[in-house]
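A short write-up of the structure that comes next.
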Amino acid sequence: MYVVPLNKDVIVTADGYTYRVIEYTNFKDAGPAVYVKEKGVKTPKLVYFVDITSLNGVKVEYSKQSKL
């Protein structure tokens, strides 16, 4: 099954940080990504799919073929 993080989803990155997704974008040179909200920071942060290890508490893996 392919999944894509969408608005209000909670992701965990490979470095152990937890973020809430603001917006999905597939228009980045390094691959698909999401903009996330970081506590205490007003500007959104960009997180690439390859760096996401968990989506809403479920472990996920990045597929280079499908870019999902």
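No experiment lies behind these values; they were computed from the predicted model shown.
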(request) Just jot down the side chain to side chain donor-acceptor pair (under 3.5 Å) partners of N7, sequence neighbours excluded, or say none. (result) none

(message) I'd like to check the side chain to side chain donor-acceptor pair (under 3.5 Å) partners of K37; sequence neighbours left out, ordered by chain and number.
(response) none

(request) State, yes or no, whether a side-chain contact exists between I22 and V34 at a heavy-atom distance under 4.5 Å. (result) no

(message) Is it the case that atom OH in Y48 sees more than 12 heavy atoms from other parts of the structure closer than 6.0 Å?
(response) yes

(message) If hydrophobic clusters are built from ILVMFWY residues whose side chains come within less than 4.5 Å, do V60 and F49 share one?
(response) yes

(message) Using the side chain to side chain donor-acceptor pair (under 3.5 Å) criterion, which residues pair with D9? Sequence neighbours excluded.
(response) N56

(request) Determine, step by step, whether T53 and T13 satisfy the side chain to side chain contact (heavy atoms under 4.5 Å, CB included) criterion, reporting the C-alpha distance in whole Å, the side-chain angles of both residues, the deciding distance to 0.1 Å, and the verdict. (result) CA-CA 5 Å; T53 59; T13 58; 5.8 Å; no

(request) Report the distance from atom OH of Y19 to atom NZ of K39, rounding to the nearest 0.5 Å. (result) 12.5 Å

(message) Between V21 and Y24, is there shared hydrophobic-cluster membership here, with clusters defined by ILVMFWY side-chain heavy atoms closer than 4.5 Å?
(response) yes

(message) Strictly distance-based, threshold 3.5 Å: is any side-chain N or O of R20 a donor or acceptor partner for the main-chain N or O of V10?
(response) no

(request) May I ask whether V50 and V12 are part of the same hydrophobic cluster, defined by side-chain heavy atoms of I, L, V, M, F, W, Y residues being less than 4.5 angstrom apart, directly or through others? (result) no

(request) Check the pair V4 / L55 against side chain to side chain contact (heavy atoms under 4.5 Å, CB included), numbers first and verdict last. (result) CA-CA 9 Å; V4 177; L55 175 63; over 6 Å; no

(message) If hydrophobic clusters are built by linking Ile, Leu, Val, Met, Phe, Trp and Tyr wherever their side-chain heavy atoms come under 4.5 Å apart, do L6 and Y62 end up in the same one?
(response) yes

(message) Between Y35 and K45, is the side-chain hydrogen bond (donor to acceptor under 3.5 Å, both in side chains) condition met? List the steps.
(response) CA-CA 5 Å; Y35 288 102; K45 180 176 181 176; over 6 Å; no

(message) Quick one, P5 and I52 - any side-chain contact, counting heavy atoms below 4.5 Å?
(response) yes

